Undergrad: 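Could you have a look at this structure, given as structure tokens, before my questions?
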Amino acid sequence: MLDLKFIREHPDLVKEGIKKKGDVDRIDDILKLDEERRLIIQKVEALKNKRNVVSEQIAEIKKAKQDASTLISEMNSVKEQIKDLDENLKKIELELNKLMLQVPNVPHPSVPVGNKPEDNQVIFSWGKINEVDFDLKPHWELAEKLDIIDFERGVKLTGAGFPLYKSEGAKLQRALINFFLDEAKEAGYVEVQPPLMVNASSAIGTGQLPDKEDLMYVIERDELYLVPTAEVPVTNIHRDEILSESDLPLKYCAYTPCFRREAGSYGKDVRGLNRLHQFDKVELVKFVHPATSYNELESLRSDAERLLQKLNLPYRVLLMCTGDMGFTQSKKYDLEVWSTGQKRWLEVSSISNFEAFQARRLNVRFKSEGSKPEYVHTLNGSGLALPRVVAAILENYQTPEGKIIVPKVLHKYTGFEVIG
RNA sequence: GGAGAGGUGUCUGAGUGGUUGAAAGAGCCGGUCUCGAAAACCGGUAUCCACUUUCUGUGGAUCCAGGGUUCGAAUCCCUGCCUCUCCGCCA
């Protein structure tokens, strides 16, 4: 959510941002409602003031044991007027709020304008794409042959997109999770283990509700939502809080399974581990001082990149264009790892600065000595999502015999160096 | 799941219809005192909104949330949420 005052004072800037993102512009409607709203507030508050003053007079009169019935009957009409105006105001604020929630975040000036995948800029590449003289296999073939991921039994147990990891496959999951968490700890993130289900307020806070309800698994009976990413519970940790300036930046990391309905996906995108309904991820979340948020974005990015470098997986960094970066972000990078067996790039991390957009919605502020509370900036990034990293490891580290050499940094976590 | 109690400011905790945005204490900040500290004493200590101003000021709202009663609600009524205690169940 943007600041209403900011919209009021810089409507053109906001409109331009919306245009760049390719969203619908309802700014004029918002400004009109805002004006109506403020008019009514002035009227109703004048009446409420009268109510307060006269009520006190009535109290005085009654204390003096005199008759106050004239004033009381006079106040009856004031009461009615207040009720009408309040109802009206509520309606307007409801509508205004609805529109406000539809206004996307304004992109940062450094973000390229565009709406096609080609408009995303590759700003950095790392690692060598291996060229070998044997036939490189996709991970699902390797995994099946090595009997480390059982996709079919996953289907039996639950359905497509719920793989059953087995033996070295299961251990590799644990190894990656621990590796990612240890690295995050090293980089100064506090580990948290949040609930895997959240209530509606939390889902609204990070923007999954009301619009993206289809993305989540809903437990209707208890009105709970399975988390689509740790971002949801972790970013909500400080909802409705005023932090102290000296606490910033707050950095959290969390491992959680992620549950996504992914309605409407099909084809090569969902083959193997490419897109799942349940997957594991370590998420990095920061609450920072507004003045530092773009530096924090860069350091978040390098925290995520370091993981791929240590795993020695070739990857590239994309600066996402205005049309491709989503509703809530001001600036977003994607990290894509090279999938040797599929000969394509797979997204393993998405790193964003939301500026105050989420903080406003979540009502997370900070206060420094002697000044008013101010909204923090929030950022998050995957560090990292497991399945595609696993896919890339299997494919990039495969031998002609179909074995997998485990990346060195993982040895102390896996306890084995080769699979197969 | 059953029975009961309760949700007040940073915290503890008063307050059952009329100067209660809210007693008191603690904490915190500033000051006096001190070589310095402690103690003592004095002062300050919420957030949101509107208007006006930009040194400020005026008004409105907020005692879990939402509705209701009333001229007037922290205080009475209803609904929801949450917490605690006892019982039941249980990794």
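The shown structure was predicted, so the numbers you read here are calculated from the model rather than taken from an experiment.
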Undergrad: Side-chain polar contacts of residues 98-106 of chain A - donor-acceptor pairs under 3.5 angstrom, sequence neighbours left out - could you list them?
TA:
residue	atom	partner	partner atom	Å
A/Asn105	ND2	A/Thr328	O	2.9
A/Asn105	ND2	A/Ser330	OG	3.0
A/Asn105	ND2	A/Phe354	O	3.1

Undergrad: When you compare B/rA65 with B/rG44, how far apart are their P atoms, in angstrom units rounded to a whole number?
TA: 28 Å
Undergrad: Could I get the full list of ring pair (Phe, Tyr, Trp, His ring centres under 6.0 Å) partners for A/Phe357, not counting sequence neighbours?
TA: A/Phe327
Undergrad: Sorted by first residue and then second, give each side-chain hydrogen bond (donor to acceptor under 3.5 Å, both in side chains) pair with at least one member in residues 72-85 of chain A; sequence neighbours left out.
TA: none
Undergrad: Show me the side-chain donor-acceptor pairs of residues 251-258 of chain A shorter than 3.5 Å, one per line, residues at least two apart or across chains.
TA:
residue	atom	partner	partner atom	Å
A/Lys251	NZ	A/Ala187	O	2.9
A/Tyr252	OH	A/His238	NE2	2.7
A/Tyr255	OH	A/Asp280	OD1	2.7

Undergrad: With distance as the sole criterion, is a donor-acceptor pair present between the side chains of A/Tyr217 and A/Gln278 under 3.5 Å?
TA: no
Undergrad: Under 3.5 Å, which donor-acceptor pairs link side chains of residues 159-166 of chain A to any protein atom two or more places apart or in another chain?
TA:
residue	atom	partner	partner atom	Å
A/Lys166	NZ	A/Asp147	OD1	3.3
A/Lys166	NZ	A/Asp147	OD2	2.8

Undergrad: How far, in whole Å, is B/rC63 from B/rU10 if one measures between their C1' atoms?
TA: 15 Å
Undergrad: Give the residues of residues 354-363 of chain A touching RNA chain B, defined as any heavy atom closer than 4.0 Å, sorted by residue number.
TA: none
Undergrad: Between B/rG25 and B/rU79, how far apart are the two P atoms, rounded to whole Å?
TA: 39 Å
Undergrad: Any salt bridge between A/Lys32 and A/Asp29, counting N to O under 4.0 Å?
TA: no
Undergrad: Per the side-chain hydrogen bond (donor to acceptor under 3.5 Å, both in side chains) rule, what does the pair list look like for residues 406-419 of chain A, sequence neighbours excluded?
TA: A/Asp182-A/Tyr413
Undergrad: Below 4.0 angstrom from OP1 or OP2 of B/rU52, is there any side-chain N or O of A/Arg38?
TA: no
Undergrad: For B/rA74 versus B/rG6, give the span between their C1' atoms, rounded off to a whole number of Å.
TA: 15 Å
Undergrad: Could you list all the side-chain hydrogen bond (donor to acceptor under 3.5 Å, both in side chains) pairs where at least one residue sits in residues 190-201 of chain A, not counting sequence neighbours?
TA: A/Asn199-A/Ser202
Undergrad: Distance between the P atoms of B/rC77 and B/rU83, in whole angstroms?
TA: 24 Å
Undergrad: Can you give one letter per nucleotide of nucleotides 59-74 of chain B, going 5' to 3': B for a protein heavy atom under 4.0 Å from the base, S for sugar-phosphate only, - for none?
TA: BBS----SS--SBS--
Undergrad: Got a list of protein N/O to nucleotides 45-48 of chain B N/O distances below 3.5 Å?
TA:
residue	atom	partner	partner atom	Å
B/rU47	OP1	A/Lys367	NZ	2.6
B/rU47	O3'	A/Arg365	NH1	2.9
B/rC48	OP1	A/Arg365	NH1	2.8

Undergrad: Looking at residues at least two apart in the chain, or sitting in another chain, which of them share a side-chain hydrogen bond (donor to acceptor under 3.5 Å, both in side chains) with A/Lys310?
TA: A/Glu183
Undergrad: To the nearest Å, how far apart are A/Leu85 CG and B/rA50 P?
TA: 17 Å
Undergrad: Applying ring pair (Phe, Tyr, Trp, His ring centres under 6.0 Å), name anything that partners A/Phe124, two or more places apart in sequence or on another chain.
TA: none
